[in-house]
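First up is the structure itself, then whatever we jot down about it.
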Amino acid sequence: TSAAEQAIVERLSRERIGRVFLNGSNLGRLARAVKRTNPDVEVLTFFHNVEARFFLGAFRQQPSLRALGVMVANAVAERMAVRFSDRLIALNRRDSEGIGRLYGRGASDLLPMALTETEEHSAERSKDGDYLLFVGGGFYANRDGILWFAREVAPRLSITTCVVGRGLEALRTKIERIPNVRLIGEVDALAPWYQGARAVIAPIFDGSGMKTKVAEALMYGKRVIGTSEAFVGYEEVAAEIGWCCDDANSFIAAINALGGLEIPAFDARLRLLFEQRYSYEAARNRLAAILAR
């Protein structure tokens, strides 16, 4: 709000603050307010996605005046963020290139996504049974991806797929008529679902930023079978994480191959990869290096 902007710019002057970190490119109007009143303050803006690209996908999936308005509002905010920020921080190179194409200037720094752990690994016994796990919220790319997987892949498998996530309950009637798929929906704790899974699937074909479910799977020592889109930002370690599949036959072949492999329920090497690259501590170290430059 205008009042919040005024309070922030007054505090910058009063406390002689020299640097502002904006946690989201939709705060572009605040970047403008800071630079107009305190031009010597360094402004860094962190892009969680290319928001205009993300909401364009949502608009295409479900066109409406509201979806159009959200997309335009985010594009306007991002343009201001690019114009009035000294440094732009993106999650990965693709996002940086997207920012450059849209607004004429790419990111100055990269800061891959990181997760904090909110659940103890042993807080609850893992779920019984051998299954594939899909985890995701109810936004458009998750809905489209799991519906595609349920139609094109699941009926040709001998293993059940469990679908966990808030906002996916609306898909229950479509999904549960398909063999080998169970829609669980929102759960109190994700840890036992990850612990009991043979592997995590990520059939995502659109979006921006990086996919949380991939880093989360690594946190629980699980392999991932996902699309090229799911592995954006993870390219350097994708071969260690699992299998990249962009069509039904590739998914089926990779999943069937799991049956012949001795895969531990908790792969310590994948957990170490998470700690080194996508943990909170790793992000702190990266951000410290960015701020030191």
Quiz item: Are Y140 and V164 connected, step by step, through hydrophobic side chains (Ile, Leu, Val, Met, Phe, Trp, Tyr) whose heavy atoms are closer than 4.5 Å?
Solution: no
Practice problem: Determine whether V232 and I99 fall in the same hydrophobic cluster, where Ile, Leu, Val, Met, Phe, Trp and Tyr are linked whenever their side-chain heavy atoms lie under 4.5 Å apart. | Solution: no
Self-check item: Check: F149 ring centroid to F251 ring centroid under 6.0 Å
Solution: yes
Self-check item: For the student: nearest non-hydrogen atoms of F266 and M219, plus distance
Solution: CE1-O, 4.2 Å
Quiz item: Is the Y194 ring parallel, tilted or perpendicular to the Y220 ring (thresholds 30°, 60°)?
Solution: parallel
Practice problem: Mark yes or no for whether E10, through its side chain, and I8, through its backbone, hold a donor-acceptor pair below 3.5 Å. | Solution: no
Quiz item: Does one hydrophobic cluster hold both L190 and V214, with members joined at side-chain heavy-atom distances below 4.5 Å?
Solution: yes
Quiz item: So, the side chain of S108 versus the backbone of L88: is there a donor-acceptor pair under 3.5 Å, distance only?
Solution: yes
Quiz prompt | Basic-acidic side-chain contact under 4.0 Å: R60, D206 | solution = no
Quiz item: Is any NZ, NE, NH1 or NH2 atom of the basic residue among E236 and R277 found under 4.0 Å from an Asp or Glu carboxylate oxygen of the other?
Solution: yes
Quiz item: So which heavy atom on F59 is nearest to which on A67, and how close?
Solution: CD1-CB, 3.9 Å
Exercise. Look at R53 together with E78 and state whether they make a salt bridge at an N to O cut-off of under 4.0 Å.
Key: no
Quiz item: Donor-acceptor pair, N180 side chain versus L157 backbone, under 3.5 Å?
Solution: yes
Quiz item: Does D95 use its side chain to pair, donor to acceptor, with the backbone of G209 at less than 3.5 Å?
Solution: yes
Quiz item: Judged by atom type as modelled, is there a donor-acceptor pair below 3.5 Å linking the side chain of R166 to the main-chain atoms of G137?
Solution: no
Quiz item: So V200 and V135, side chain to side chain contact (heavy atoms under 4.5 Å, CB included) or not? Walk me through it.
Solution: CA-CA 8 Å; V200 173; V135 176; 5.8 Å; no
Quiz item: Is the backbone of G28 close enough, under 3.5 Å, to the side chain of R32 for a donor and an acceptor to pair up by distance?
Solution: no
Quiz item: Just by distance, do the side chain of R223 and the backbone of L258 share a donor-acceptor pair under 3.5 Å?
Solution: no
Quiz item: Taking NZ, NE, NH1 and NH2 as the nitrogens, is one of them in E240 or R269 under 4.0 Å from a carboxylate oxygen of the other?
Solution: no
Quiz item: How are the rings of Y234 and F231 set to each other: parallel, tilted or perpendicular (split at 30° and 60°)?
Solution: perpendicular
Quiz item: Rounded to the nearest 0.5 Å, what separation is found between the OG atom of S279 and the CG atom of N285?
Solution: 8.0 Å
Quiz item: With no hydrogens and no angle check, is any side-chain donor or acceptor of S208 less than 3.5 Å from a backbone partner on V50?
Solution: yes
Quiz item: Salt bridge check: are R16 and D40 linked by an N-O gap of less than 4.0 Å?
Solution: no
Exercise. Give a yes or no on whether the backbone of G138 and the side-chain of N142 come within a donor-acceptor separation of less than 3.5 Å.
Key: no
Quiz item: Is a side-chain N or O of S85 found less than 3.5 angstrom from the main chain of A81, in a donor-acceptor match?
Solution: yes
Quiz item: Do the charged groups of E216 and K222 touch, with an N to O distance under 4.0 Å?
Solution: no
Quiz item: Which heavy-atom pair separates E5 from A33 by the least distance, and what is that distance?
Solution: OE1-CB, 3.8 Å
Quiz item: According to a 4.5 Å side-chain heavy-atom criterion applied to Ile, Leu, Val, Met, Phe, Trp and Tyr, with indirect links allowed, do I263 and L272 form part of one hydrophobic cluster?
Solution: no
Quiz item: Between E275 and R271, is the closest basic N to carboxylate O distance under 4.0 Å?
Solution: yes
Practice problem: Verify the cluster assignment for Y280 and F274: are they in a single hydrophobic cluster under the rule of side-chain heavy atoms below 4.5 Å apart? | Solution: no
